[in-house]
Amino acid sequence: MTRVLNGIVAVCPNLGIGKDGKLPWHPVRLSNEFAHFRKMTSTPSVAGRQNVVIMGRKTWFSIPEKNRPLKDRINIVLSREYKTPPAGAHYLAADFSSALKLVDTELAERADQVWVIGGSSLYKEMMESPGTRRLFVTQILQQFDCDTFLPEISPEKYRLLPEFPGVPAEPQEENGIQYRFEVYESI
């Protein structure tokens with residue numbers, strides 16, 4: 001089955017996405033931005049199905065334990081070291097292609113949209129994979145100290161969509177931090 005791969009990420013102006021295993025603006029909470037993430041990743045387009053979130057092991061452990069697994073979504077964690085899914089995770093896959101195979105085989109009857117939620121190397125793999133890809137990017141309009149980065153979104157490979165259903169077009173602000181939502185689609 002040909003499916004659109006979705007990536008969702010919040011980035012600083014220098015494409016920073018993390019610092020010490022947390023969001024760069026931590027401990028400031030962006031509740032509306034998080035609600036957007038939750039709505040996008042957990043709302044299936046087909047009734048009776050669930051979206052899949054695919055994440056690396058470090059991303060899994062960066063989620064507060066009380067919020068794992070991400071509810072109303074099928075959680076797949078990638079790790080080459082683990083032999084069984086970490087506590088709370090639904091599935092374990094050795095790599096991205098194995099995770100996609102799992103979605104298309106064992107989960108074929110249950111899975112709807114696929115969302116990549118981090119980290120860096122997984123975003124890079126998703127962004128370079130074949131087929132249609134969409135990146136749901138929250139542009140944080142303030143620089144924070146970062147040690148983890150999103151690969152560059154190449155204008156030769158991705159175009160910014162003028163609008164996307166369910167994604168607010170107007171600038172946002174929470175707790176003194178301004179941001180805007182953007183959606184890119186592979187060309």
Side-chain angles (χ1 to χ4, degrees), residues 4-43 51-78 96 99 113-129 133-155 157-186:
V4 173
L5 291 178
N6 300 292
I8 189 163
V9 64
V11 301
C12 292
N14 70 348
L15 297 179
I17 60 173
K19 173 71 174 156
D20 299 328
K22 295 180 168 54
L23 294 171
W25 41 92
H26 179 81
V28 175
R29 284 188 55 86
L30 300 179
S31 301
N32 294 337
E33 199 281 329
F34 183 70
H36 169 74
F37 167 88
R38 190 173 50 242
K39 181 185 93 171
M40 297 310 292
T41 60
S42 64
T43 309
N51 287 348
V52 174
V53 286
I54 301 175
M55 68 200 92
R57 176 186 51 78
K58 288 180 191 164
T59 299
W60 170 261
F61 285 110
S62 75
I63 299 167
E65 197 170 346
K66 67 182 193 311
N67 298 333
R68 299 191 306 241
L70 296 178
K71 69 180 185 93
D72 303 323
R73 289 155 279 192
I74 299 167
N75 290 232
I76 300 176
V77 177
L78 304 188
F96 187 49
Q113 300 175 63
V114 173
W115 290 88
V116 168
I117 64 168
S120 253
S121 58
L122 187 52
Y123 285 127
K124 180 176 176 18
E125 203 170 344
M126 178 246 158
M127 289 164 71
E128 292 173 353
S129 64
R133 295 160 326 279
R134 283 196 195 107
L135 294 169
F136 292 76
V137 179
T138 302
Q139 294 283 355
I140 305 290
L141 304 176
Q142 187 177 331
Q143 190 55 57
F144 291 88
D145 189 22
C146 300
D147 60 16
T148 309
F149 300 87
L150 182 74
E152 186 181 350
I153 302 170
S154 163
K157 295 181 180 168
Y158 286 89
R159 65 188 174 97
L160 177 61
L161 301 178
E163 59 185 356
F164 195 87
V167 176
E170 58 285 340
Q172 311 286 314
E173 183 170 343
E174 275 186 273
N175 295 321
I177 298 175
Q178 296 180 328
Y179 58 91
R180 67 175 180 270
F181 298 118
E182 297 178 342
V183 181
Y184 293 84
E185 191 167 74
S186 56

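How far CG of Leu15 is from OG1 of Thr148: 12.5 Å, rounded to the nearest 0.5 Å. Rounded to the nearest 0.5 Å, atoms OH (Tyr123) and CD (Glu128) are 15.0 Å apart. Going from atom OG of Ser120 over to atom NZ of Lys58 covers 9.5 Å, rounded to the nearest 0.5 Å. With rounding to the nearest 0.5 Å, the separation of CD1 in Ile76 from CH2 in Trp60 is 11.5 Å. For the atom pair CD1 (Ile17) and OG1 (Thr59), the distance works out to 7.0 Å, reported to the nearest 0.5 Å. Atoms CG and CD, from Leu135 and Glu185 in turn, are 10.0 Å apart once rounded to the nearest 0.5 Å.
In this structure, Ser42 contributes its side chain and Arg73 its backbone to no donor-acceptor pair below 3.5 Å. No donor-acceptor distance shorter than 3.5 angstrom exists from the side chain of Arg38 to the backbone of His36, with no hydrogens or angles considered. Remark: the backbone N or O of Phe181 is not paired with any side-chain donor or acceptor of Gln172 at under 3.5 angstrom. In this structure, the side chain of Gln113 engages the main chain of Thr43 through a donor-acceptor pair within 3.5 Å. Counting only distance, with no hydrogens or angles, the side chain of Glu33 and the backbone of Thr138 share no donor-acceptor pair below 3.5 Å. Between the side chain of Ser62 and the backbone N or O of Lys22, no donor-acceptor pair lies under 3.5 Å. Asn6 contributes a side-chain N or O that, together with a main-chain N or O of Val114, makes up a donor-acceptor pair within less than 3.5 Å. The main-chain N or O of Arg133 is never found under 3.5 Å from a side-chain atom of Tyr158 such that the two would form a donor-acceptor pair.
The one candidate from Ile177, Leu23, Asn14 that meets the side chain to side chain contact (heavy atoms under 4.5 Å, CB included) condition with Phe144 is Ile177.
Using a 30° and 60° split on the angle between ring planes, Phe136 and Phe164 fall in the perpendicular class, above 60°. Ring-plane geometry between Phe37 and Phe34 is classed as parallel, the angle between the planes falling under 30 degrees on a 0 to 90 degree scale with a further cut at 60.
For the pair Asp20 and His26, the minimum side-chain heavy-atom distance is 4.5 Å or more. Between Phe61 and Val77, every side-chain heavy-atom pair lies at or beyond the 4.5 Å cut-off. Residues Leu141 and Arg180 meet the side-chain proximity criterion, which asks for heavy atoms closer than 4.5 Å. Residues Ile140 and Leu30 meet the side-chain proximity criterion, which asks for heavy atoms closer than 4.5 Å. By the 4.5 Å heavy-atom criterion applied to side chains, Ile54 and Val52 are counted as neighbours. Contact annotation: the side chain of Met127 never approaches that of Val116 to less than 4.5 Å [non-hydrogen atoms, C-beta and beyond]. When side chains are defined from C-beta on, Arg134 does not count as touching Leu5, because their heavy atoms never get closer than 4.5 Å. The shortest side-chain heavy-atom distance between Asn75 and Met55 falls under the 4.5 Å cut-off.
Between Pro13 and Gln142, the closest heavy-atom pair is CD-O, 3.2 Å. Residues Ala99 and Leu78 approach most closely at CB-CD2, 3.7 Å, considering heavy atoms.
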Practice task
Quick one: do Val167 and Leu161 satisfy side-chain contact (heavy atoms from CB on, under 4.5 Å)? Show the steps, please.
Solution key: CA-CA 11 Å; Val167 176; Leu161 301 178; over 6 Å; no
Practice task
Take Phe149 and Cys12 through the test side-chain contact (heavy atoms from CB on, under 4.5 Å) and record every step on the way to the result.
Solution key: CA-CA 9 Å; Phe149 300 87; Cys12 292; over 6 Å; no
